[in-house]
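Working notes, structure below.
Every chain is numbered from 1, with letters handed out A, B, ... down the list of sequences. Because only heavy atoms are used, hydrogens play no part in the values below, and waters and symmetry mates are left out as well, while side chains stay in.
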Number of protein chains: 2
Amino acid sequence: MTKLFTSLFLLLGLLSIKAQTLQSPDKNLSMTFSLTDNGTPVYTLSYKNKSVIKTSKLGIETTDIASFTEGFSVKDAATRSFNETWQPVWGEQKNIRNNYNELAVTIEQKSIENRFIVIRFRLFNDGLGFRYEFPAESKLNYFIIKEEKTQFALAGDHKAFWLPGDFDTQEYSTVTSKLSEVRGKMKDAVTPNASQQTFSPTGLQTPLMLKSDNGLYINIHEAALVDYSCLNLELDDKNMVLNAFLTPDAVGNKGYMQAPTQTPWRTVVVSDDARDILASKLILNLNEPTKYEDVSWIKPVKYIGVWWELITGKSSWAYTDVPSVKLGETDYTKMERNPKHAANTDHVKKHIDFAAEHGFDAVLVEGWNEGWEDWFGKSKDFVFDFVTPYPDFDVKALHDYAASKNVKMMMHHETSGSVRNYERHMDQAYQFMVDNGYNSVKSGYVGDIIPRGEYHNGQWMNDHYLYAIKKAAEYKIMVNAHEAVRPTGLSRTYPNLIGNESARGTEYEAFGGNNADHTTILPFTRLMGGPMDYTPGIFQTQINKYNPDNNSFVHTTLAKQLALYVTMYSPLQMAADLPETYNKHLDAFQFIKDVAIDWDESYILEAEPGDYITIARKAKGKNEWFVGGITDENKRTATVDFSFLPKGKTFEAVIYGDGKDADYITNPQSYEIKKMKVTSKTKLKQPMATSGGFAISVK
Amino acid sequence: MTKLFTSLFLLLGLLSIKAQTLQSPDKNLSMTFSLTDNGTPVYTLSYKNKSVIKTSKLGIETTDIASFTEGFSVKDAATRSFNETWQPVWGEQKNIRNNYNELAVTIEQKSIENRFIVIRFRLFNDGLGFRYEFPAESKLNYFIIKEEKTQFALAGDHKAFWLPGDFDTQEYSTVTSKLSEVRGKMKDAVTPNASQQTFSPTGLQTPLMLKSDNGLYINIHEAALVDYSCLNLELDDKNMVLNAFLTPDAVGNKGYMQAPTQTPWRTVVVSDDARDILASKLILNLNEPTKYEDVSWIKPVKYIGVWWELITGKSSWAYTDVPSVKLGETDYTKMERNPKHAANTDHVKKHIDFAAEHGFDAVLVEGWNEGWEDWFGKSKDFVFDFVTPYPDFDVKALHDYAASKNVKMMMHHETSGSVRNYERHMDQAYQFMVDNGYNSVKSGYVGDIIPRGEYHNGQWMNDHYLYAIKKAAEYKIMVNAHEAVRPTGLSRTYPNLIGNESARGTEYEAFGGNNADHTTILPFTRLMGGPMDYTPGIFQTQINKYNPDNNSFVHTTLAKQLALYVTMYSPLQMAADLPETYNKHLDAFQFIKDVAIDWDESYILEAEPGDYITIARKAKGKNEWFVGGITDENKRTATVDFSFLPKGKTFEAVIYGDGKDADYITNPQSYEIKKMKVTSKTKLKQPMATSGGFAISVK
């Protein structure tokens with residue numbers, strides 16, 4: 001009896017020592033940290049007393065030293081509070097508040113080798129971030145990660161907005177289903193891609209958006225993905241537990257670590273109001289302030305390009321029709337030019353004219369450089385040199401012409417996934433840009449990665465993407481990386497990362513179409529980590545008008561295309577359609593010309609993932625406001641509450657809405673433009689067609 | 001009956017069409033090419049009517065298209081003869097004759113996709129070279145190699161001088177055994193290495209030296225290894241057939257090919273006189289002439305260095321004793337200096353003094369740059385930056401001091417196998433060399449390769465090594481790459497590749513020792529492809545005189561160390577021992593000072609692999625001759641026939657021989673220096689101790 005009592009007493013004593021709790025500044029969120037009997041770290045999270053994350057394990061399994069998974073005791077636990085307001089170089093709002101309570105628990109594995117790690121939790125009003133830290137003092141030096149053992153044990157079989165977990169691509173359509181339905185829907189969800197590697201019948205990507213039956217919106221992602229492999233989740237669909245599943249490298253390892261170091265932050269954004277998810281700045285707040293002293297050269301960009309005609313198949317990237325070329329050996333001047341080659345001097349000059357006439361900052365040109373004949377799917381190492389133009393593309397003349405019209409050229413660096421080759425040419429390629437007046441680059445990583453066996457989302461490539469961004473900064477170049485790893489807020493630290501793709505962009509409207517609800521979900525998923533170069537603005541929704549062989553169509557109305565400039569926040573916005581089409585719809589095009597791309601404030605007016613989004617934003621440094629509203633395949637009437645406007649003043653609003661007979665399949669180009677007076681008291685009821693939308697400019 | 005006759009007739013007819021024969025210019029060598037009944041290409045080779053290669057298959061197995069292995073018919077067969085004499089930038093002789101008869105057979109796979117390849121044979125007086133060519137016209141474009149199916153079917157169970165086949169290292173001791181004994185001896189042959197990956201219990205490396213019972217010497221290797229993976233051999237020890245076994249990449253593929261292209265040459269050097277093997281220039285002849293217009297900056301180098309004291313453990317590469325550092329974060333100026341750190345300004349200045357006093361071209365310094373604390377075995381990506389010196393190494397002062405003494409500094413770029421990191425810093429590192437007066441670099445690839453999963457000898461790394469050489473040439477820098485793939489004569493095309501390691505060098509004398517017969521074998525194996533930076537000249541053969549904890553000893557006599565400067569041809573020769581030791585033996589050191597490193601002519605006087613080698617060479621542009629003779633663990637008396645000297649003249653020879661009581665174990669430092677008059681009629685009988693040797697200079 002005495003012995004039993006003593007044991008119980010000790011057990012209780014240990015538990016009380018181990019248990020740590022933390023609340024958010026507004027006390028809506030509450031978390032606990034504790035150790036299990038065998039010394040495994042666990043945590044929980046609740047929102048307004050509703051369970052968000054049930055008891056979930058934490059830990060790191062290693063390949064080469066004892067794992068950080070059990071046998072821990074608490075060595076130290078420190079709390080602090082933090083509150084600051086900072087200004088991003090560009091963003092949805094000019095001031096961002098970073099306010100959290102922090103718990104840093106130092107736990108040690110005395111029984112193994114007197115080793116300790118820190119698990120740092122930051123609890124914000126909008127969610128939780130935590131990471132593992134490996135201090136120099138613990139003398140870990142080096143270790144290799146076999147798997148991160150972080151869990152997110154969910155409180156129920158939530159509704160999920162999910163993509164198949166994949167080491168290479170995020171370019172899948174979002175599936176909306178109960179978590180319990182994931183396994184059954186996985187096969188159909190995995191559609192073909194230029195490079196893909198799924199890993200589990202219940203593998204999922206982050207940002208993963210969830211909605212619980214009891215009304216909680218939960219978003220799981222990561223922040224500050226640096227020198228680590230990208231987080232995926234594997235669902236245990238019996239217990240509704242999400243287990244971390246890191247992207248491996250060519251030999252199956254998941255991370256090479258040198259102390260002092262840390263993992264990225266694991267993030268759980270949570271609210272009972274979906275709008276709060278979109279308003280959350282938690283991921284940016286968990287990233288470091290910018291490392292650049294001079295950011296004056298970083299500016300948002302509105303651009304057009306020689307691009308959509310390529311995507312639709314109207315024109316060609318390649319200069320010739322030969323099946324195979326060798327850079328430095330193939331003499332293009334002696335070859336027959338494909339008349340569909342779009343990146344030619346005259347054609348680009350017309351784009352420069354159009355950009356200048358309508359006030360765009362830049363013109364993107366793809367297919368200007370040698371190598372497009374056999375760039376894809378050949379595992380070709382020396383695929384591009386990034387500096388040698390095709391014979392019909394006069395770099396010097398175009399530089400001079402664009403400069404004379406005060407338009408910048410936007411560079412295109414497609415790597416074909418051959419990143420050793422890209423890095424070998426990177427300095428020359430960036431210098432070429434400086435020499436020829438390009439201050440931004442759209443880079444691409446289409447296809448399987450070379451070095452072979454590496455994945456787009458592994459530590460190797462994540463290191464590369466950041467290398468490319470940092471080196472670009474040395475040349476004062478802004479980067480818009482496509483097919484790169486999904487963003488995790490790194491644009492706070494490296495604001496010359498002005499965009500990413502990392503999801504199904506508008507190009508898929510020419511490859512069979514995006515779902516009608518696609519852009520009502522993306523802000524809750526892909527955009528949580530950073531802006532997307534979604535390239536909206538397609539007015540000619542029937543692709544066969546450009547390419548008779550392509551019967552794809554855009555799965556939105558024209559008005560919804562306008563709304564995307566507001567709902568899909570990005571400091572980089574393209575007017576993606578052809579100038580000849582915009583010239584036919586200059587009234588609607590006016591909104592694209594007017595809409596701001598950098599903001600003082602943003603107001604999430606209405607939001608439900610998969611259904612609708614209505615957002616208003618105030619242009620940076622101007623008394624101009626822009627509103628965008630979109631809906632899914634269902635018609636809807638949005639309510640625009642103009643209470644964000646200054647009180648007591650009347651403004652003129654121009655409303656670009658769906659026509660009465662608009663329908664995204666049968667009549668997508670029907671739109672109506674109306675003007676009306678608005679004040680801060682105005683509440684506008686604005687109807688939207690199926691997959692429709694509206695845009696409003698207020699001056 | 002008629003049908004049968006017709007078939008027979010057709011069969012004979014086809015056979016006669018298929019069969020091709022070729023003879024060497026001197027008619028000693030004869031080869032055949034034919035197709036088997038199923039259209040598999042096969043070849044044979046004989047020397048003076050003795051079979052060298054029995055009927056052996058040729059072909060390439062692919063992963064993605066129909067393989068080039070069978071179903072062929074002959075489309076065309078063309079022969080030609082070639083005879084030229086060319087001058088290498090540096091070499092064993094000033095004129096090299098390139099004389100062969102060629103057979104180029106075009107074979108097509110009509111049944112598959114009307115596809116054709118060329119197999120090109122070049123038959124020299126000293127052996128055979130052949131390769132596969134994939135012409136542009138056959139519209140192959142791209143394919144991936146699963147395995148090269150080249151065979152070398154040997155005529156018997158030859159004596160072999162072999163190393164275990166390995167994708168990463170050649171740093172094994174040579175095993176001498178019958179081929180049938182390979183399997184039984186493999187386990188002991190695979191000794192530990194910093195990076196190694198064997199592949200088969202009968203896997204072998206090239207150059208593979210063989211000796212048949214009927215007196216033929218056969219050497220199998222490859223020439224012009226460019227954009228392809230390194231050849232290994234897997235022995236079928238029932239049939240004594242050597243099968244090609246290429247080095248795979250991280251995902252198991254063995255080559256990524258784009259037509260028009262070709263494989264490296266597969267080489268069989270053969271003679272009934274072992275001296276002909278050493279005299280063969282077949283591998284150089286199968287490489288392309290140099291691509292450089294200006295080669296005036298490429299010069300042979302005799303050097304000393306801050307090196308042997310590191311290898312023996314007397315001194316340290318690292319500046320501090322901490323276990324882990326981060327470049328750009330670790331502040332070395334605030335750390336305690338290890339007093340054993342050798343690469344410090346004062347110590348290096350003394351080496352510059354010694355080099356200047358004794359006429360050496362350059363001083364190598366290792367351990368001068370930040371990062372040596374944790375450079376090995378950590379799979380550390382950013383391991384060195386190649387430009388940042390430790391605090392006690394004053395680059396500018398040493399540059400000025402060396403320049404004032406007319407001595408060059410030799411750069412050291414250890415990569416730790418982290419080649420992405422090396423390539424990222426390569427331009428800056430080479431520019432740093434130019435800025436600071438370094439015109440040659442010793443590069444190193446110790447440890448497993450990053451990108452992980454790639455091997456030292458795969459296509460990926462072979463591309464890297466050549467990239468490093470070509471880029472060095474842009475900066476007029478000579479390269480001496482250690483732990484790189486074994487050479488294949490590429491120094492003809494890229495003569496700034498002045499040396500390689502790619503075998504057990506002298507460093508192993510401090511790691512347990514090289515076998516006494518080691519250097520009697522290397523010229524027949526490793527040196528077939530190009531010069532080795534063997535770093536001879538160790539006078540203090542007891543390593544514990546430098547480091548009491550190291551009881552290794554040099555497995556040669558001192559005199560043999562001198563002989564190696566002649567027997568181990570290289571345009572790059574190090575006097576590897578410490579200046580303080582040379583100062584105790586200045587009489588013997590005189591030979592190292594005198595010996596030439598570039599030659600008008602070479603005379604292989606005596607040779608038997610594994611037993612002995614005696615070579616004489618005439619210094620380039622001078623009436624000076626140098627002779628080196630070595631033996632294995634057995635004493636031997638060499639016969640030096642001076643008939644290579646001009647007739648009718650008398651010269652003074654200085655003979656550096658083993659002392660009468662010399663023995664490589666008990667008395668290695670015993671040597672005798674004698675002078676004598678010699679003429680072209682002199683035949684000197686020169687005794688050698690166990691693992692002994694002698695060196696002679698003639699003026």
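- Note that the CD atom of E148(A) and the CD1 atom of I60(A) stand 4.5 Å from one another [nearest 0.5 Å].
- Taking 4.5 Å as the limit, every side-chain heavy atom of F384(A) sits out of range of all side-chain heavy atoms of E370(A).
- Of the atoms belonging to D374(B), heavy atoms from both backbone and side chain fall under 4.5 Å from chain A.
- The distance from the OH atom of Y319(B) to the OH atom of Y390(B) is 9.5 Å, given to the nearest 0.5 Å.
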* Kindly determine whether F432(B) and F386(B) satisfy ring-ring contact (aromatic ring centres under 6.0 Å, His included), including the steps that lead there. => CA-CA 9 Å; F432(B) 178 90; F386(B) 311 98; over 10 Å; no
* **Check against side-chain hydrogen bond (donor to acceptor under 3.5 Å, both in side chains), N369(B) and T388(B)** => CA-CA 5 Å; N369(B) 57 325; T388(B) 305; over 6 Å; no
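- Of the possible polar contacts, none joining the T63(B) side chain to the I145(B) backbone as a donor-acceptor pair under 3.5 Å is found.
- Here OG of S195(A) is found 12.0 Å from CZ of F167(A). Values are rounded to the nearest 0.5 Å.
- Partners of D321(B) under the side-chain contact (heavy atoms from CB on, under 4.5 Å) rule, at least two apart in sequence or in another chain, are N338(B).
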* **Evaluation steps, side-chain hydrogen bond (donor to acceptor under 3.5 Å, both in side chains), between T320(B) and E373(B)** => CA-CA 7 Å; T320(B) 78; E373(B) 283 75 6; 3.1 Å; yes
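- Options N141(B), V251(B), D227(B) differ in how many heavy-atom pairs under 4.5 Å they form with chain A, and the most are formed by N141(B).
- Using modelled atom types, one finds no donor on one side chain facing an acceptor on the other under 3.5 Å when comparing T415(A) with N421(A).
- Listed by sequence position, E423(A), R424(A) are the residues of residues 422-430 of chain A in contact with chain B, using a 4.5 angstrom heavy-atom cutoff.
- A 4.5 Å side-chain heavy-atom check between I65(B) and R115(B) finds at least one atom pair inside the cut-off.
- A heavy-atom distance below 4.5 Å is found between the side chains of Y228(A) and L246(A).
- Both the backbone and the side chain of I450(B) come within less than 4.5 Å of a heavy atom of chain A.
- Looking only at side-chain heavy atoms (C-beta outward), W375(A) and E414(A) come within less than 4.5 Å of each other.
- Judged by a 6.0 Å distance limit and a 45° cone about the ring axis, K254(B) is positioned over the six-membered ring of F245(B).
- Looking at A259(B), only its backbone comes within 4.5 Å of chain A, counting heavy atoms on both sides.
- Proximity to chain B among residues 452-472 of chain A is limited to R452(A), G453(A), E454(A), W460(A), D463(A), H464(A), Y467(A), judged by heavy-atom separations below 4.5 angstrom.
- Taking 4.5 Å as the heavy-atom cut-off, the residues of residues 325-335 of chain B that approach chain A are V325(B), K326(B), ordered by number.
- Between I477(B) and N496(B), every side-chain heavy-atom pair lies at or beyond the 4.5 Å cut-off.
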